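Below is one structure, written out as C-alpha cells; the observations come after it.
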There are 2 protein chains.
Amino acid sequence: MISTKDKILNEAEKLFAEQGFAETSLRMITAKADVNLASVNYHFGSKKKLIQAVFERFMDTITQDITSEMDKLDAAHGRDLSNIQISEVLQLLKQPIKNLDQLRPDGAGVFMNLLGRSYAETQGHIRRFAMDKYSQTFNRFISYLQASCPQSDASEIFWRLHFMLGSFIFSLAGHRALQEIAESDFNQSVSIEQIIDKLIPFMTAAFAHN
Amino acid sequence: MISTKDKILNEAEKLFAEQGFAETSLRMITAKADVNLASVNYHFGSKKKLIQAVFERFMDTITQDITSEMDKLDAAHGRDLSNIQISEVLQLLKQPIKNLDQLRPDGAGVFMNLLGRSYAETQGHIRRFAMDKYSQTFNRFISYLQASCPQSDASEIFWRLHFMLGSFIFSLAGHRALQEIAESDFNQSVSIEQIIDKLIPFMTAAFAHN
DNA sequence: TGTACATCAGTGAACGCGCGTTCACTGATGTAC
DNA sequence: TGTACATCAGTGAACGCGCGTTCACTGATGTAC
C-alpha cells in the first residue's frame, strides 16, 4: 500500500511541473491524490515545505546516480584524471537523467521543470538549500570539468557550466513543445534520449573551444 | 506626463520579472504605480491581457532591433549570404540585447525573465501568440543560421537554436545570482555585456561542430 | 493477560484573507447642430 | 456662440471565490507496568 505521504508527493510533483507552484493549490493535489486536504499540513507542515520535499526526493535520486557515475569514471581512469575528456564528463550525465525518466512517467521533464521553477523563485530559498545539501556532488563534478578543460580557469568553467545548465533545463523542461514542433515541421519524432544525444556533443564542442 | 497605462506597464514589468505572474497581484502593481486598482481592467481588460501587453512591448522593441541588425548584415554581404559566418549571425544578437538593457533598468534581465516565464506557462498561450506575431523575424534569423551552417539540416538548426535560447534565457534571467557567485567565489565583477561576450563564442563553437 | 495512557495518522469543518473583477458613478473633453 | 449629448479616463466600494491554515476530534496501534 502506498502511503498518504507518498500519494501527496506523487501528485504534487506532477502538478507543480505542469502548472507551477503558485498555480497549484493544495485542494487540487489532495483531490487528485484522493487524500484529505488537512493531511498535507499534517505530513509536511506547509505548502512551502511540501515543495521542498518534492524537490529533495528528485535531487537525492539524481545526485546518487551522478555520484556512482563519477565513481565509475574514477575506476576507469585509475584515479589519474589528467587526460580525461570533456565528452566523458558530460556523457556521465546521460544515465542519471535517463534513470529519472524511468523512475516516473516523464521524470526527466518533470524534474527539469521543477529545477527551472526553483531557479526562477523569488527569494531563491530552494537554490540556497540545494547549494548546501548537494554542494559536495556539485563540486566534485566541477573538478572533473576542470580536469578535462585545462585551458579554462575556474571562473570560466563556472560560467560555461551554467550556460549548459540553461540548455538542459530549458530543452528538457519544454521537451514536449519542442517535440511537437519537430514532429510537425520536420516529420521527426525525437525521444528524450535523442535530445540528450544532441545536447551532449553540442555542449562538448562549446566547452572545448579556445 | 506619463500616462496611467504606461505607469501600469512599467511597474507590472518589474514585478512580473521579479516574482512571476501568479505571485504578482494587481493590488501590488497599482499601489507601486500609484494608480487606481480598477484602472488595470479599464485599460487592459484583464490580468491575462496585461501580461500579454507587457510581453508585447518588449518583443516589439527587440524584434525591430534584430531586424535592423539583419538588414545591416545583408548590406555588408551585398545580399550574398553564402559565405556568412556563424559568429556574425550570433553577434548580431548582441546589440539588440544591450539596447533592451539601456531601455529600462536591468532591461535584459527583466525581458529574459519574462521570456522564460512565458515558456513555462501552462497552456503556452503567450508562446503561440508570439509565434504568430513574430514568426517573420524568427524565420529570417533561422535562415541566416542555416546559411552559416551548411553542414546542418533544418531540424538540427532548430534544436541547436533552442539549446542556445535556453542558455541565454537562463543565464541572463538569473544573471544577478550568477554575478553574485562570480563576485564572491572568483572576486570578479561581470557585466551583462561581459556575460553576452562569453555566451556568443561559447555558442559559436557549439554551432560549428560536426 | 489486562488495563491505562501515549502516540500516530487522519478527518471535517471552519477560519480569515487576499484575490481578480464588476458596477454605478464622476468630471473633463470632444462633437453636432 | 450656445446647448445637448457622447465619449473617454478614471474612481471607490463592494462582490463572491478560492486559498493556505487551524482546530477539535476520532480511531487504531504501540508501550509500560
Side-chain angles (χ1 to χ4, degrees), chain A residues 1-57 113-114 117-118 120-126 128-129, chain B residues 1-57 113-114 117-118 120-126 128-129:
Chain A
M1 241 313 267
I2 177 168
S3 71
T4 298
K5 203 171 168 174
D6 284 336
K7 279 197 220 166
I8 295 170
L9 246 13
N10 291 344
E11 292 303 326
E13 184 177 288
K14 279 188 233 170
L15 289 166
F16 286 153
E18 277 167 26
Q19 342 200 45
F21 303 131
E23 292 84 350
T24 303
S25 70
L26 298 184
R27 279 167 179 81
M28 287 182 210
I29 296 169
T30 52
K32 280 226 169 196
D34 197 30
V35 301
N36 188 279
L37 167 64
S39 66
V40 173
N41 278 271
Y42 175 74
H43 284 290
F44 299 96
S46 67
K47 187 182 181 182
K48 217 169 177 169
K49 285 192 199 144
L50 169 62
I51 295 173
Q52 188 154 314
V54 165
F55 184 72
E56 215 169 340
R57 196 167 62 149
N113 233 302
L114 252 27
R117 293 188 194 278
S118 306
E121 226 203 347
T122 315
Q123 257 314 323
H125 87 279
I126 296 181
R128 215 150 323 123
F129 149 81
Chain B
M1 242 311 267
I2 177 168
S3 70
T4 297
K5 202 171 168 175
D6 284 337
K7 278 197 220 165
I8 295 170
L9 246 12
N10 291 343
E11 292 305 324
E13 182 177 288
K14 278 188 234 169
L15 290 166
F16 285 153
E18 277 167 28
Q19 340 201 45
F21 302 133
E23 292 83 351
T24 304
S25 71
L26 298 185
R27 279 168 180 79
M28 287 181 207
I29 295 168
T30 52
K32 281 226 171 196
D34 197 30
V35 300
N36 189 278
L37 167 63
S39 66
V40 174
N41 278 272
Y42 175 74
H43 284 290
F44 298 97
S46 67
K47 187 183 181 183
K48 217 170 179 170
K49 286 192 199 145
L50 169 63
I51 294 173
Q52 188 154 314
V54 165
F55 184 71
E56 216 170 341
R57 195 166 64 149
N113 234 301
L114 252 25
R117 292 188 194 278
S118 306
E121 224 203 348
T122 316
Q123 257 316 321
H125 86 281
I126 297 181
R128 217 151 320 124
F129 149 82

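On a predicted model such as this, the values are computed, not experimentally measured, just so you know. So you know, we letter chains A, B, ... as the sequences are listed, proteins then strands, and number each from 1.
- Using a 4.0 Å heavy-atom cutoff across all strands shown, Thr24(B) reaches sugar-phosphate atoms only and no base atom.
- If you check every strand for non-hydrogen atoms under 4.0 Å, Ser3(A) touches nothing.
- A 6.0 Å sphere centred on NZ of Lys7(B) holds more than 12 heavy atoms belonging to other residues, nucleotides or ligands.
- Annotation: side chain of Glu11(B) is not in contact with side chain of Thr24(B) (no heavy-atom distance under 4.5 Å).
- Along DNA chain C, the nucleotide nearest to Lys47(B) and the one nearest to Lys5(A) differ in position, and the one closer to the 5' end is contacted by Lys5(A).
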Which pairs of donor and acceptor atoms, one on a side chain in residues 35-44 of chain A, lie under 3.5 Å apart (sequence neighbours left out)?
from	atom 1	to	atom 2	distance (Å)
Asn36(A)	OD1	Ala38(A)	N	2.8
Ser39(A)	OG	Asn36(A)	O	2.5

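- Between Arg27(A) and Val35(A), the residue anchored closer to the 5' end of DNA chain C is Val35(A), taking for each the nucleotide with the nearest heavy atom.
- Between Asn36(B) and Gly45(A), the one whose closest nucleotide on DNA chain D sits nearer the 5' end is Asn36(B).
- Along DNA chain D, read 5' to 3', the first and last nucleotides having any atom under 4.0 Å from a heavy atom of chain B are dC8(D) to dA14(D).
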(message) Could you spell out the base pairing of DNA chain D as a dot-bracket line? Use Watson-Crick and G-U wobble contacts where both distances are under 3.5 Å, [ ] for crossing pairs, | for partners on a different strand.
(response) .||||||||||||||||||||||||||||||||
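- Listed by chain and residue number, Ala22(A), Glu23(A) satisfy the side chain to side chain contact (heavy atoms under 4.5 Å, CB included) test with Ala22(B) (two or more places apart in sequence, or in another chain).
- Between Arg117(B) atom CZ and Asn113(B) atom CG the span is 5.0 Å, to the nearest 0.5 Å.
- Qualifying side chain to side chain contact (heavy atoms under 4.5 Å, CB included) partners for Lys48(B), counting only residues two or more places apart in sequence or in other chains: Ser46(B), His125(B).
- Scanning for side chain to side chain contact (heavy atoms under 4.5 Å, CB included) contacts around Ala12(B) gives Phe16(B), Ile29(B), Leu50(B), Val54(B), with sequence neighbours left out.
- One distance of note links CG of Asp34(A) with OG1 of Thr4(A); it measures 9.5 Å at 0.5 Å rounding.
- Mapped onto DNA chain D by nearest heavy atom, Ala38(A) and Met28(A) fall at different nucleotides, with Met28(A) at the one closer to the 5' end.
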